[in-house]
Amino acid sequence: MKNHVKQRILVTGGAGFLGSHLCERLLNDGHEVLCVDNFFTGSKHNVVHLLGNPYFELLRHDITFPLYVEVDAIYNLACPASPIHYQFDPVQTTKTSVHGAINMLGLAKRLQAKIFQASTSEVYGDPQVHPQPESYWGHVNPTGLRSCYDEGKRCAETLFFDYHRQHRLPIKVARIFNTYGPRMHPHDGRVVSNFIIQALKGEPITIYGDGSQTRSFCYVDDLIEGFIRLMDSYPEFTGPVNLGNPGEFTIRQLAETIIEMTGSAAELVFQPLPPDDPRQRQPDIRLAREALGWEPKVRLEEGLIHTIAYFDDLLRRAA
Ligand code: NAD
Ligand code: UDP
Ligand code: UDP
């Protein structure tokens with residue numbers, strides 16, 4: 001993809017957290033964007049500011065059903081991403097990852113269009129190798145509460161690579177690690193949004209377990225830059241490639257940072273750890289550095305400033 005050539009780009013899940021930032025970036029880069037979403041976890045609110053742009057189109061559609069449109073490239077992001085949402089209707093979650101991937105790959109095959117898959121660090125499950133390189137096959141429970149998401153995403157990767165081998169389809173697979181920023185869903189139970197909302201409301205900060213488990217948090221703008229670079233990468237480069245921020249923090253450290261930054265009087269409360277909750281997660285991004293020349297630039301405190309401001313505004317409007 002060359003940035004001076006205007007392309008017609010399909011973004012599935014385009015009204016979600018990451019999708020809405022991607023649509024915005026693609027429009028800014030001079031492309032036409034077709035945003036497809038069933039509004040399960042996303043909302044019109046996330047893209048309302050784009051609706052006046054004649055190069056932006058919004059289509060309500062569930063990707064588990066076939067889709068016949070004409071585009072030059074596809075970003076497949078549709079899928080609920082947080083445990084609360086993907087466990088709400090786990091069968092639909094697997095259908096979205098698997099049937100959805102088949103439909104979007106069928107569409108890409110008919111058009112011979114380049115197709116990007118938003119995969120996840122969850123394909124590594126509760127990893128026994130740390131940090132996780134792309135060559136690690138993972139440690140995944142096939143029958144647990146997270147399996148609809150983890151195994152669905154693993155099967156989607158399989159489908160992408162089989163369409164690539166069998167139909168010579170140009171594919172780009174990103175394994176996304178925890179990402180945060182404005183337009184995260186306020187009720188999705190993710191740690192960053194929960195802690196910020198609790199701190200702003202002065203409510204107790206809910207730490208699951210003892211807070212010693214770790215995560216690495218990538219700011220959304222860094223991640224979207226990674227998506228664009230992956231899509232623009234040399235044709236033979238398919239991924240899978242890890243995209244995330246290697247800076248690793250304990251959940252307790254995150255809570256303390258957010259309390260300090262918001263000046264909140266909120267206290268920490270400890271609650272049971274959810275089942276299958278990974279102990280440690282940190283991306284190994286050597287491949288992304290080498291193949292894409294990409295690495296995150298936004299420090300946690302800087303990204304949190306924008307995210308706290310977003311939720312502060314949201315809470316004030318709701319008051
Ligand atoms: P999100 O829930 O905000 O966005 C997902 C979007 O997909 C929503 O707008 C939702 O309505 C839509 N959707 C769900 N099922 C659909 C269906 N069947 N048909 C059409 N649209 C459907 O989540 P997000 O954080 O923006 O995640 C986007 C993608 O990135 C997902 O595929 C997710 O698995 C992946 N991902 C995200 C993270 C993260 O930290 N945010 C980490 C790893 C992977
Ligand atoms: N498909 C789609 N849009 C298209 C082309 C195909 O949604 O433009 C769907 C179609 O419903 C099919 C799936 O993609 O079930 C897989 O397509 P493929 O051509 O790989 O398989 P086949 O149609 O041969 O089963
Ligand atoms: N977590 C927490 N309190 C919360 C929400 C989450 O301690 O209010 C923990 C959760 O148990 C996990 C980590 O924070 O260890 C990240 O959770 P999240 O759901 O954001 O992402 P994921 O588990 O998918 O990485």
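Counting starts at 1 for both ligands and their atoms, in listed order.
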List ligand 1's nitrogen or oxygen atoms that come under 3.5 Å of a protein nitrogen or oxygen, with the partner atom and distance.
unit_1, atom_1, unit_2, atom_2, d
ligand 1, 2 (O), Thr41, OG1, 2.6
ligand 1, 3 (O), Phe17, N, 2.8
ligand 1, 7 (O), Cys79, N, 3.4
ligand 1, 9 (O), Gly16, N, 3.1
ligand 1, 9 (O), Asp37, OD1, 3.2
ligand 1, 9 (O), Asp37, OD2, 2.5
ligand 1, 9 (O), Gly42, N, 3.2
ligand 1, 11 (O), Asp37, OD1, 2.6
ligand 1, 11 (O), Asn38, OD1, 3.4
ligand 1, 11 (O), Phe40, N, 2.9
ligand 1, 11 (O), Thr41, N, 3.0
ligand 1, 11 (O), Gly42, N, 3.0
ligand 1, 13 (N), Asn38, OD1, 3.3
ligand 1, 18 (N), Asp62, OD1, 2.9
ligand 1, 18 (N), Thr96, OG1, 3.1
ligand 1, 19 (N), Ile63, N, 3.0
ligand 1, 21 (N), Asn38, N, 3.2
ligand 1, 21 (N), Asn38, OD1, 3.3
ligand 1, 26 (O), Phe17, N, 3.3
ligand 1, 26 (O), Leu18, N, 2.7
ligand 1, 32 (O), Leu77, O, 2.8
ligand 1, 32 (O), Lys153, NZ, 2.8
ligand 1, 34 (O), Tyr149, OH, 2.6
ligand 1, 34 (O), Lys153, NZ, 3.0
ligand 1, 40 (O), Thr179, N, 2.9

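Using a 4.5 Å heavy-atom threshold, the side chains of Met104 and Ile63 count as touching.
For residues 199-223, the ring-ring contact (aromatic ring centres under 6.0 Å, His included) pairs, not counting sequence neighbours, are Tyr180-Tyr219, Tyr219-His306. Sequence neighbours left out, the pairs with a member in residues 67-76 that pass salt bridge (Lys or Arg N to Asp or Glu O under 4.0 Å) are Arg8-Asp72, Glu70-Arg110.
The atoms of ligand 3 that sit less than 4.0 Å from any heavy atom of Gly189 are 5 (C). Annotation for ligand 3: atoms under 4.0 Å from non-hydrogen atoms of Glu122 are 24 (O). Remark: ligand 3 atoms within the under-4.0 Å shell around heavy atoms of Ile207 are 7 (O). For ligand 3, the atoms lying closer than 4.0 Å to a non-hydrogen atom of Arg281 are 22 (P), 25 (O). Of all atoms in ligand 3, numbered sequentially from 1 with element shown, those under 4.0 Å from a heavy atom of Thr206 are 2 (C), 3 (N), 4 (C), 7 (O), 8 (O). Each of the atoms 4 (C), 5 (C), 8 (O) of ligand 3 lies under 4.0 Å from some heavy atom of Asn194.
Every heavy atom of Gln271 sits 4.0 Å or more from the atoms of ligand 3. For Gln198, the closest heavy-atom approach to ligand 3 does not fall below 4.0 Å. Distances from ligand 3 to the non-hydrogen atoms of Gln280 include no value under 4.0 Å.
Contacts of Asn178 with ligand 3, taken as heavy-atom pairs under 4.0 Å, involve the side chain alone.
Annotation: ligand 2 has protein neighbours Pro66, Leu67, Tyr68, Ile102, Asn103, Gly106, Leu107, Lys109, Arg110, Tyr163, each with a heavy atom less than 4.0 angstrom from the ligand.
Screening Arg286, Arg289, Arg229 against Glu295 for a salt bridge (Lys or Arg N to Asp or Glu O under 4.0 Å) leaves a single residue, Arg289.
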